[in-house]
Amino acid sequence: MGVPFEAFLPYGIMIGMFAISGAGLSTLRYMQNGGKRGRRGLDAWDRQMMERDRRLTGFMRGQTDRPEAPPGFELNNPWKLEKRFL
Amino acid sequence: MAARQPRFNQHVLIDTTPLPDDIPKVKEIGASSAPLMSASFFIGARCKPYNDDYMMCKTESNGRGELECMKEGRKVTRCAASVIEDINKHCLTEFRRHWECLENNNQQLWNCRSVERPLNKCIFDNLKLEKTVPGTPEGEVPVHLRKKQIFAMHG
């Protein structure tokens with residue numbers, strides 16, 4: 001006794017939707033990390049070093065091993081303004 | 001009323017308020033976080049006197065160290081840049097392999113021992129800088145020289 005194929009259409013739609021969202025999120029993470037594995041367990045020092053990497057290379061996960069910074073590096077440091085807490 | 005007018009444009013890319021001339025000029029370090037992490041123990045091996053000098057100056061200047069110890073700070077920057085320059089000159093392939101491994105493994109040194117050993121050897125042969133982990137107990141094998149590693153994702 002065969003099951004009509006119409007019975008499986010909703011399952012196909014459900015699986016397809018999960019696949020689309022999963023592939024989208026994985027692509028997003030791949031692009032954010034520049035093809036490398038993600039960082040985890042970051043503390044304040046790691047975050048400020050990643051911000052420095054962004055200032056040096058233009059990308060949060062970019063890396064460079066030049067001994068001297070490119071011109072303009074010392075000028076692209078924005079002032080860190082403290083939030084008023086009163 | 002702010003004392004300084006804010007500038008919000010992309011055109012003025014020169015330093016409008018440079019440091020005074022009595023502070024020696026220095027180029028900032030250009031290496032980013034993973035190469036710095038990879039070179040850190042060698043920077044420590046060569047620049048320990050300069051670093052200690054800077055920290056002592058900061059301790060003794062009662063909170064005004066950022067301004068008064070700029071001369072010592074320049075020496076620290078120059079020394080670190082010289083180490084990175086030498087590593088780039090002599091051990092570039094090992095260095096790159098190590099910091100790319102670090103960057104792929106959350107910058108954890110214990111995940112990249114297999115590529116760290118050739119780097120340590122090359123730097124010791126060429127630059128005579130040896131990695132020593134400060135604070136290792138007497139008579140114990142330092143963690144980067146152990147033959148057997150219990151856990152690592154990369155190896």
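Chain A is the first sequence line, chain B the second, and so forth, proteins listed ahead of strands; every chain is numbered from 1. All values below come from the heavy atoms of this structure, side chains included, with hydrogens, waters and symmetry mates left out.
Within 6.0 Å of CE on Met14(A) lie more than 12 heavy atoms contributed by other residues, nucleotides or ligands. For Tyr54(B), the OH atom is densely surrounded, since the number of other residues' heavy atoms within 6.0 Å is greater than 12. In this structure, Arg97(B) places its CZ atom where only 12 or fewer heavy-atom neighbours from other residues, nucleotides or ligands lie under 6.0 Å away. Under a cut-off of 6.0 angstrom, the local environment of CZ in Arg29(A) is sparse, with at most 12 non-hydrogen atoms contributed by other residues, nucleotides or ligands. Within 6.0 Å of atom CG in Asp22(B), more than 12 heavy atoms from other residues, nucleotides or ligands are found, so the atom counts as buried in its surroundings.
Checked by atom type and distance alone, the side chain of Asp53(A) pairs as donor or acceptor with a backbone atom of Ser33(B) at under 3.5 Å.
For Arg52(A), the part lying under 4.5 angstrom from a heavy atom of chain B is the side chain only. Looking at Gln108(B), only its side chain comes within 4.5 Å of chain A, counting heavy atoms on both sides.
If you run side chain to side chain contact (heavy atoms under 4.5 Å, CB included) between Glu68(A) and each of Lys27(B), Glu85(B), Glu28(B), only Lys27(B) comes through.
Linking Ile, Leu, Val, Met, Phe, Trp and Tyr whenever their side-chain heavy atoms come within less than 4.5 Å leaves Leu56(A) and Leu102(B) in two separate clusters. Hydrophobic clustering (ILVMFWY, side-chain heavy atoms < 4.5 Å, transitive): Ile43(B) and Trp45(A) are in one cluster. Met50(A) and Phe73(A) fall into different hydrophobic clusters, where Ile, Leu, Val, Met, Phe, Trp and Tyr residues are linked whenever their side-chain heavy atoms come under 4.5 Å apart, directly or through other members.
For the set Ile87(B), Asn104(B), Ile84(B), the count of heavy-atom pairs under 4.5 angstrom toward chain A peaks at Asn104(B).
Once rounded to the nearest 0.5 Å, the distance linking CE of Met49(A) with CE of Met37(B) reads 8.5 Å.
Residues of residues 58-67 of chain A lying under 4.5 angstrom from chain B, judged on non-hydrogen atoms, are Arg61(A), Gly62(A), Gln63(A), Thr64(A), Asp65(A), Arg66(A), Pro67(A) in numerical order.
Considering only residues two or more places apart in sequence or on other chains, Lys121(B) meets the salt bridge (charged side-chain N to carboxylate O under 4.0 Å, His left out) condition with Asp125(B).
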Practice task
Would you check, one step at a time, whether the test side chain to side chain donor-acceptor pair (under 3.5 Å) holds for Asn105(B) with Arg37(A)?
Solution key: CA-CA 7 Å; Asn105(B) 284 293; Arg37(A) 276 187 235 157; 3.1 Å; yes
